[in-house]
Chemist: 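Right, I'll just put the structure down here and ask away after.
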Amino acid sequence: MMRGDTGDSVVSSTAGTDIPALDVSDHDDPAVIAEAARDDYSLHVVPRSWRLSSSKMALAWSSVMAAMFWVVVAAGASLVVGTRQALIGLVAAVVVHGGFCYVVSRTAASTGLTVGLFSRALFGYRGAAIATLALALTGTWFAVFEGSVLAVAAQAQFGGPIQLWYAVVTACGISLAIGGVRVWLEKVNAFLLPIFAVGLVATVVWSTVEYGYNSAWLTAEPQTATPMAGPGWLFVFAIYMGVFSNMLYTFDFARMGRVQDTRTNGLHTFGFTFYFFTILVNGAVGIYLVHTLPLQEVSEAGLVQGIVKLMGVAGLIFIVATQTKINTANFYIGSANFQSFFSRAFGLNLARTVWVFVVGVVSFAVMIMNIFSFINTWLAYQGTILASWVGIALVFIVARRRADLNAFEFRPGRVPSLNPGGITAWIVSSGVGIYLIASNSPIASTWALVITFVLSVLLSAVSLLASKDKWFALYRPHDPRDEVTDVWNDRIRCNSCHKSYVAVEMDRDPSRGYQPICASCATGHSFRAAAVAEATT
Ligand SMILES: Nc1ccnc(=O)[nH]1
């Protein structure tokens, strides 16, 4: 439908000019739907028609709930600070993660943006690429840990060389993550959720029957004294701040939630209910098991070996369920963010499928090379970068709500290269965090991430007060958003790839006679250069 035909004032911005008319439609382009089945609009805004019901969203996202990680981290922490302090730390973590993810998931659903696209509003066009690289590496390194745990469990049951199991686990991870969230993730995770839930209860009951119940686990004192500058619960809370990366995972999933479900999704699917189970229930099970099972070592590998020894094949099935679930999410986030990073940084536009293989090959190589401690160190430092991303994003989201602004500017032709306020807050706060962690003092394990986060909030709040409009947006004429009646419902055909995307993400290309261009094609160098030139003259 060409609205220009009606002479309607909707197209007023092009009236009387020789700007080409838009090819507008109000339904999805079949070619776009086919592409989305693999890519989930990873370089585009997710239209309202590609959203999942809240139950499907919950099943897809339940992937992150099931990871031996949550069980083992709490178990290890409780040996350092004692059960009571550990539980206090877990509760604090549930409240903070739940609250933040409420906010983050709402913003993701209302904007339909990825972490990569949204970050442009915070840090500018180039600055945003850092977030996608950090998140892609987080997904890949987590895939290494969770995959290796599964390989260890399989080896404990069946024997054979560990390298063989690494290969099997990697092949499974790749095949499940090839389809997008709606193709595989939601279905696989729905199927595995009951196995995970039953397995968790069975592990507790089985170990109690086998080794007897001893209530001493509830009052256990610290066993591995560690110097720390602060209370034990803060030590535990800080460990969970190290996985604030979950909030970026949340963003990339919640963009596929329906707008009318934002409250349910915010409170339950991604928020408090989710973390009650993920952090507190999983954690309490871990603390119980570590005081009940005779373990060789408290690590993910040690715990799964204990479980497989106790329960045999049933234990292995449980571990397969947990680790397969979490690795669908890790592979998905890793591949989607590598795709976004390489598209921005190197103009390399490949399907997400290709990046699924890259995540698989890289994580397999790391497992084979046996460099787990390197990855641990990497994640510890990188945790500061993602924690401060969260602080800056929250300040920005809250400020935007107060200013009553509806849409974030993220389009390549309409954001500056760097947002000096966001970038300064990001570099300074994460720099301080990295310095504190490198100092290896007792402050590192308790305060480093807290200080990073608080600094990121303060600095970004101050920078917003001092900010100028041009930090956030390039001002250019001929915005297709102004030419349609409904930016979410009207699809505009891109003159470069000839596919139609929702008007929210569309721009006009000054280097090609103001033809319409989509958010993905707009990452090309010539368009960006022309847009920047137009804005500054
Ligand atoms: N997001 C994640 C949290 C914990 N473990 C993972 O592998 N991934």
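We count ligands from 1, going down the list as the structure has it; atoms in each ligand are counted the same way. All residue numbers refer to positions in the sequence shown, counting from 1.
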Chemist: Specify side chain, backbone, both or neither for Tyr249, according to which of its non-hydrogen atoms lie closer than 4.0 Å to ligand 1.
Modeler: side chain

Chemist: Classify the contact between Asn246 and ligand 1 as side chain, backbone, both or neither, using a heavy-atom distance cut-off of under 4.0 Å.
Modeler: side chain

Chemist: Mark up the atoms of ligand 1 that fall under 4.0 Å of a heavy atom belonging to Phe69, in ascending order.
Modeler: 4 (C), 5 (N)

Chemist: Decide if the gap between the ring center of His97 and the ring center of Phe274 is smaller than 6.0 angstrom.
Modeler: no

Chemist: Answer with yes or no after comparing the ring centroid distance for Phe270 and Tyr275 against a 6.0 Å cut-off, counting only values under it.
Modeler: no

Chemist: Counting only heavy atoms not in Arg84, do more than 12 sit closer than 6.0 Å to its CZ atom?
Modeler: no

Chemist: For ligand 1, note which part of Val243 has a heavy atom under 4.0 Å away: side chain, backbone, both or neither.
Modeler: neither

Chemist: Which pair of heavy atoms, one from Ala128 and one from Gly116, lies closest together, and at what distance?
Modeler: CB-O, 3.7 Å

Chemist: Would one find an N or O of Trp70, backbone or side chain, under 3.5 Å from an N or O of ligand 1?
Modeler: no

Chemist: Within ligand 1, which atoms have a heavy atom of Ile326 less than 4.0 Å away?
Modeler: 2 (C), 6 (C), 7 (O), 8 (N)

Chemist: For Asn330, counting its heavy atoms only, list the atoms of ligand 1 lying under 4.0 Å from any of them.
Modeler: 6 (C), 7 (O), 8 (N)

Chemist: Is there a heavy atom of Phe145 sitting under 4.0 angstrom from any atom of ligand 1?
Modeler: no

Chemist: Which word best sums up how the rings of His44 and Tyr41 line up, parallel for under 30°, tilted for 30 to 60°, or perpendicular for over 60°?
Modeler: perpendicular

Chemist: Going by the atom numbers of ligand 1, which of them fall below 4.0 Å from some non-hydrogen atom of Glu146?
Modeler: 5 (N), 6 (C), 7 (O)

Chemist: Locate the shortest heavy-atom distance separating Thr446 from Ala229; write the atom from each residue and the value.
Modeler: OG1-O, 3.1 Å

Chemist: Which pairs pass ring pair (Phe, Tyr, Trp, His ring centres under 6.0 Å) with one or both residues in residues 249-268, sequence neighbours excluded?
Modeler: Trp61-Phe253, Phe118-Phe251, Phe253-Tyr332

